[in-house]
Amino acid sequence: MNFKFEKDNVFFTSDTHFNHANIIKFCQRPFKDVDEMNETLMMNWNKVVGPDDTVFHLGDFCLGGSAEWTRILDRLNGKIYLILGNHDLKNIRQGFLKRFENVAMAMCIQIGKNRIHLSHYPYLCFEGGYHNDIWQLFGHVHTRVANTGFDAARLQFLYPTQLDVGVDNSNYTPLSFDQVERKIKIQIENQKANKL
């Protein structure tokens, strides 16, 4: 299914890991504890996202039970589309599906001339990844951190039209469509420069 959106008031984020204390250490996040992290993530989100804006969250939204999910969702602005991540599969609670505009394992949307594939994981291949107007946005790999995980060696194979929109790469704040577009254009230009 292909959803069409206008570029204004559309945001992308991933890997907030609300209520996940260990992510602070794993990703070297600059927070003293999970409460400070949650508050900062929610404050940053609501600074840029208005009540009627659209947010595509590309997985690993929140850990914990229904009380934790409710506490977070009640405070976030926007109409949230959730692409399930590995932590969400374990922690999504019955009744939370209706709190999101849509919940899926992956989506393809269109904004202007751009087709955008949304997934928690980076794809090795996706429809037209070598075309500049077909993008793939993902999370999961927390690329800002000196990535030494199992995925590190494979990240060199990403197309310049792929972007990790996780909070670790965006000052813990959702990215607007325009910000994503600028970042991808820079990656495309860098790839062209490296081929010269």
Side-chain angles (χ1 to χ4, degrees), residues 3 10-31 34 37-38 40-42 44-45 49 54-64 68-69 72-73 76 78 80-93 96-97 100-109 114-127 129 134-177 179-181 183-184 187:
F3 297 90
V10 174
F11 295 85
F12 302 92
T13 194
S14 184
D15 296 283
T16 45
H17 286 262
F18 289 110
N19 299 314
H20 187 181
N22 285 337
I23 202 70
I24 297 169
K25 177 181 67 175
F26 294 155
C27 291
Q28 302 160 21
R29 290 185 176 181
F31 308 113
V34 75
M37 179 181 74
N38 286 349
T40 301
L41 290 169
M42 287 186 284
N44 289 354
W45 178 302
V49 176
T54 299
V55 180
F56 292 96
H57 192 294
L58 305 188
D60 288 358
F61 177 75
C62 183
L63 273 66
E68 289 84 0
W69 281 71
I72 299 299
L73 284 167
L76 292 177
I80 307 170
Y81 290 73
L82 179 63
I83 306 302
L84 294 170
N86 51 302
H87 287 285
D88 303 314
L89 293 172
K90 294 182 279 188
N91 293 291
I92 191 86
R93 300 295 190 251
F96 282 99
L97 296 181
F100 298 97
E101 298 296 310
N102 193 328
V103 176
M105 291 301 296
M107 286 179 77
C108 184
I109 64 171
N114 296 97
R115 279 197 313 271
I116 307 170
H117 293 267
L118 306 173
S119 172
H120 182 60
Y121 306 99
Y123 294 151
L124 178 60
C125 298
F126 64 100
E127 170 212 16
I134 303 176
W135 304 343
Q136 196 246 328
L137 306 182
F138 60 90
H140 184 65
V141 294
H142 303 268
T143 55
R144 179 194 65 80
V145 180
N147 196 311
T148 57
F150 294 118
D151 299 310
R154 292 180 284 197
L155 295 177
Q156 66 181 316
F157 298 111
L158 293 176
Y159 291 108
T161 54
Q162 291 179 277
L163 184 68
D164 181 351
V165 296
V167 297
D168 297 293
N169 301 314
S170 61
N171 201 26
Y172 309 99
T173 306
L175 294 168
S176 69
F177 173 83
Q179 290 172 306
V180 167
E181 184 176 48
K183 286 176 179 282
I184 287 177
Q187 290 179 171

Contact summary for Leu89 and Met105, nearest pair of heavy atoms |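 Residues Leu89 and Met105, closest heavy atoms: CD2-SD, 4.0 Å.
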What are the two closest non-hydrogen atoms of Leu58 and Ser14, and how far apart are they?
->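 Nearest pair, atom of Leu58 first, then Ser14: O-OG, 3.1 Å.
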Any donor-acceptor N or O pair under 3.5 Å, side chains [X], [Y]:
{"X": "Asn171", "Y": "Asn44", "value": "no"}
{"X": "Thr16", "Y": "His57", "value": "yes"}
{"X": "Asp15", "Y": "His140", "value": "no"}

So among Leu163, Val180, Ile109, Ile134, which one has a side chain to side chain contact (heavy atoms under 4.5 Å, CB included) with Ile116?
->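 Of the listed residues Leu163, Val180, Ile109, Ile134, the side chain to side chain contact (heavy atoms under 4.5 Å, CB included) partner of Ile116 is Ile109.
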Side-chain heavy atoms of Phe18 within contact of Leu63, under 4.5 Å |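 No, side chains not in contact.
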Any side-chain heavy atom of Thr40 sitting closer than 4.5 Å to one from Asn38?
->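 Thr40 vs Asn38: side chains apart.
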Distance from [X] atom [atom1] to [Y] atom [atom2], nearest 0.5 Å?
{"X": "Ile23", "Y": "Asp60", "atom1": "CD1", "atom2": "CG", "value": "7.5 Å"}
{"X": "Phe3", "Y": "Glu101", "atom1": "CZ", "atom2": "CD", "value": "10.5 Å"}
{"X": "His17", "Y": "Cys27", "atom1": "NE2", "atom2": "SG", "value": "6.5 Å"}
{"X": "Met107", "Y": "Tyr81", "atom1": "CE", "atom2": "OH", "value": "6.5 Å"}
{"X": "Leu137", "Y": "Ser119", "atom1": "CG", "atom2": "OG", "value": "10.0 Å"}

Assess the pair [X] and [Y]: is the distance between their ring centroids shorter than 6.0 Å?
{"X": "Phe11", "Y": "Phe177", "result": "no"}
{"X": "Tyr121", "Y": "Phe138", "result": "no"}
{"X": "Trp69", "Y": "Phe61", "result": "yes"}
{"X": "Phe56", "Y": "Phe100", "result": "no"}

Non-neighbouring partners of His117 that pass ring-ring contact (aromatic ring centres under 6.0 Å, His included), sequence neighbours left out =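 For His117 the ring-ring contact (aromatic ring centres under 6.0 Å, His included) partners, ignoring immediate neighbours, are Phe126.
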Mind running side chain to side chain contact (heavy atoms under 4.5 Å, CB included) on Gln136 and Thr161 for me, showing each step along the way?
-> CA-CA 6 Å; Gln136 196 246 328; Thr161 54; over 6 Å; no
What do the steps show when you test Val34 against His20 for side chain to side chain contact (heavy atoms under 4.5 Å, CB included), and what is the final call?
-> CA-CA 7 Å; Val34 75; His20 187 181; 5.8 Å; no
Could you walk me through whether Leu175 and Thr13 pass side chain to side chain contact (heavy atoms under 4.5 Å, CB included), step by step?
-> CA-CA 6 Å; Leu175 294 168; Thr13 194; over 6 Å; no
